[in-house]
Amino acid sequence: MSLSPRTDHPTSRKTPPGLWLWRLLNGAPDAERLPYQRGGIQTRLQWYPLAAIAATLITLIVYALQKGPLNDFDCYWLGSWAIREGVPLQMYAVLDAPGPQGLYSIYPGSPEWAALSAQHLPRALVPWAYIYPPHCAVLLLPLTLLPYTTAVGLWRLLNLAAYLLCLIILLSLTRDRLSPRAARWLTLLSLATPLLFRVLQLAQISPLLLLSVIGGLYLLHTRRPVAAGVALAFGTVLKLSPILFVLWLLARREYRAFAASLITMTLLSLLTLAVVGPAPFGGFFGHVLPILSQGTTFDYNISIVALAGWVFDLGSPRRPEFLPPDLRLTLVKLIFYGLVLGITGWALWRTRRGEARERLSGEFALISMALLLVSPITWSHHVLHALLPIFLVTVREITRRRHALLACAGVCYLLILQVPDLPSSLLGAWFGTQIGTAAAFVGLVALWVLTCVSLSRRDETLSSESELQDAGS
């Protein structure tokens with residue numbers, strides 16, 4: 001089956017971007033027919049989710065403009081200001097020396113970082129350390145030309161727009177398998193998730209990172225490998241984790257996309273090098289990145305590292321300190337990471353039996369889940385990247401009418417929402433933060449297993465339909 005874009009694809013028409021979501025939620029081929037043209041109770045039932053989506057969007061926009069704790073944005077902001085003031089090494093000053101217990105902490109411990117905070121933040125609260133690559137601070141440098149409040153609002157709206165674009169892409173890739181009613185409910189659930197509200201509260205960069213991955217998936221689907229490589233490269237220089245997708249391009253023999261990623265990352269690195277010099281690169285790759293790889297037992301961290309750290313009593317869940325080297329922890333990580341990568345590799349091999357469009361989407365979803373599980377630090381805003389596997393698994397099981405697996409996906413999602421820093425964490429509120437974190441970890445692992453089972457299993461009905469369409473064309 002050809003991967004060329006469909007002629008009825010919403011983005012292939014000369015349609016204003018604001019109407020893409022409307023068309024996708026009203027289905028095809030009667031996308032031009034509005035819900036109020038159908039009359040009766042069916043009209044009202046179709047309007048309910050659309051009205052809820054509109055109300056949720058308004059709420060998200062208002063929420064994006066509210067004031068509150070902005071630890072993550074403040075980190076980006078101060079990192080960019082360190083560059084603008086000609087002292088880029090101060091970005092990583094917080095992690096220059098360990099604390100009294102000999103552990104490095106993400107909390108501020110340097111007078112340089114406190115001085116930057118006092119000069120450029122409108123309040124006395126000092127944010128935690130800047131722990132991102134130098135590229136990220138350079139890309140956000142234009143925001144320092146704006147007043148702080150304006151920059152925060154613009155940044156949040158930009159990330160909200162990125163998340164909406166991710167939803168539009170996922171809907172466009174699955175529209176031939178979704179009824180309009182299912183598309184509306186999935187959109188509503190994706191917008192009303194506490195994960196998105198938490199990301200906007202922190203003014204986190206996660207939606208833009210997610211857009212680089214989902215955008216790369218869409219561009220590969222539409223046979224634009226060079227653009228796909230560029231999209232993945234931008235995500236990689238922001239947080240490094242999408243590098244696994246770049247390596248996957250090479251394994252998939254997408255040589256043009258792989259080359260485009262390398263060239264783009266090289267150009268962005270040269271640009272950053274020209275702005276900040278080589279010292280911040282040495283500080284990040286030689287000092288900060290090894291510290292981050294040790295992980296932390298902080299109770300918002302839903303990774304195997306945090307759980308093992310509690311069992312071995314290596315750190316306090318109340319303090320975001322990075323764990324010391326420990327042989328037991330290293331063995332646990334190696335065993336768990338080996339299982340995750342091995343089973344994910346098996347599932348990727350199984351997807352090769354499927355139809356081309358489904359195989360490509362399935363491989364992206366599986367890699368997204370593997371990245372969440374092998375990361376030593378997985379906080380609630382990182383779990384937003386589970387949107388891709390949740391969405392695709394849900395669509396697949398709706399199409400198959402396999403309600404048991406669909407219900408399992410819902411249970412996994414509810415467990416993930418038990419991260420203690422989310423308002424939806426009932427288990428964390430009732431039984432303690434560590435119980436909530438452990439429940440979220442179980443939900444994440446269960447969702448990965450479900451993703452492997454669902455996306456690696458060939459849909460015979462879909463394959464037969466695709467073969468008939470190819471024969472007819």
Original post:
If you draw a 6.0 Å radius around CZ in Phe73, do more than 12 non-hydrogen atoms from other residues or ligands fall strictly inside?
Top reply: yes

Test item: [X] and [Y] side chains (from C-beta on) under 4.5 Å apart, heavy atoms:
X      : Y      : answer
Leu447 : Tyr413 : no
Thr272 : Phe281 : yes
Phe284 : Pro280 : no
Thr193 : Tyr163 : yes
Leu384 : Gln204 : no
Leu417 : Leu195 : yes
Leu387 : Leu170 : yes
Arg156 : Leu65  : no

Original post:
What do the steps show when you test His221 against Ser361 for side-chain contact (heavy atoms from CB on, under 4.5 Å), and what is the final call?
Top reply: CA-CA 8 Å; His221 263 296; Ser361 298; 2.8 Å; yes

Working to the nearest 0.5 Å, report the span between [atom1] of [X] and [atom2] of [Y].
X      : Y      : atom1 : atom2 : value
Arg256 : Arg224 : CZ    : CZ    : 12.5 Å
Ile377 : Gln294 : CD1   : CD    : 10.0 Å
Leu103 : Ser316 : CG    : OG    : 10.5 Å
Leu220 : Glu363 : CG    : CD    : 10.0 Å
Ser241 : Ile367 : OG    : CD1   : 12.0 Å
Ile343 : Leu366 : CD1   : CG    : 11.5 Å

**OP:** Could you please spell out the steps behind the side-chain contact (heavy atoms from CB on, under 4.5 Å) verdict for Arg84 and Leu145?
**Re:** CA-CA 10 Å; Arg84 184 172 172 181; Leu145 302 175; 3.8 Å; yes

Original post:
With sequence neighbours left out, which residue pairs that include part of residues 327-340 fulfil the side-chain hydrogen bond (donor to acceptor under 3.5 Å, both in side chains) condition?
Top reply: Asp326-Arg328

Do you know the tightest heavy-atom contact between [X] and [Y]?
X      : Y      : value
Gly315 : Thr297 : C-OG1, 3.3 Å
Ala151 : Leu143 : CB-O, 3.8 Å
Asn159 : Pro207 : O-CB, 3.2 Å
Leu232 : Val213 : CD2-CA, 3.9 Å
His385 : His381 : CD2-O, 4.5 Å
Phe258 : Val246 : CD1-O, 3.3 Å

Partner set under side chain to side chain contact (heavy atoms under 4.5 Å, CB included) for [X], not counting sequence neighbours:
X      : value
Leu271 : none
Thr433 : Asp299, Arg318, Pro420
Ala365 : Leu388, Pro389, Leu392, Thr451, Leu455

Give the table of side-chain donor-acceptor pairs shorter than 3.5 Å for residues 86-100, with sequence neighbours excluded, one pair per line with atom names and distance.
from	atom 1	to	atom 2	distance (Å)
Tyr92	OH	Tyr132	O	2.7

Original post:
Is it true that the side chains of His120 and Thr144 contain a donor and an acceptor less than 3.5 Å apart?
Top reply: no

**OP:** Would you kindly say whether His382 and Ser206 are connected by a side-chain donor-acceptor distance under 3.5 Å?
**Re:** no

**OP:** Before giving the answer on side-chain contact (heavy atoms from CB on, under 4.5 Å), spell out for Ser80 and Leu141 the whole-Å C-alpha distance, their side-chain angles and the decisive distance to 0.1 Å.
**Re:** CA-CA 5 Å; Ser80 297; Leu141 197 57; 4.0 Å; yes

Original post:
Do the ring planes of Trp81 and Trp77 sit parallel (below 30°), tilted (30 to 60°) or perpendicular (above 60°)?
Top reply: perpendicular

Subject >> Trp155 and Tyr76 aromatic ring geometry - parallel, tilted or perpendicular at 30°/60° bounds >> reply: perpendicular

Subject >> Partner of Trp128 under ring-ring contact (aromatic ring centres under 6.0 Å, His included), chosen from Tyr104, Phe322, Phe298, Trp379 >> reply: Trp379

**OP:** Please check if the side chain of Ser172 supplies one atom and the backbone of Ile169 the other of a donor-acceptor pair under 3.5 Å.
**Re:** yes

Original post:
Are the side chain of Ser293 and the backbone N or O of Pro290 linked by a donor-acceptor pair below 3.5 Å?
Top reply: yes

Original post:
Sequence neighbours excluded, which residues qualify as side-chain hydrogen bond (donor to acceptor under 3.5 Å, both in side chains) partners of Asn301?
Top reply: Ser303

**OP:** Test Val332 against Ile304 for side-chain contact (heavy atoms from CB on, under 4.5 Å), laying out the working first.
**Re:** CA-CA 8 Å; Val332 169; Ile304 187 63; 3.9 Å; yes

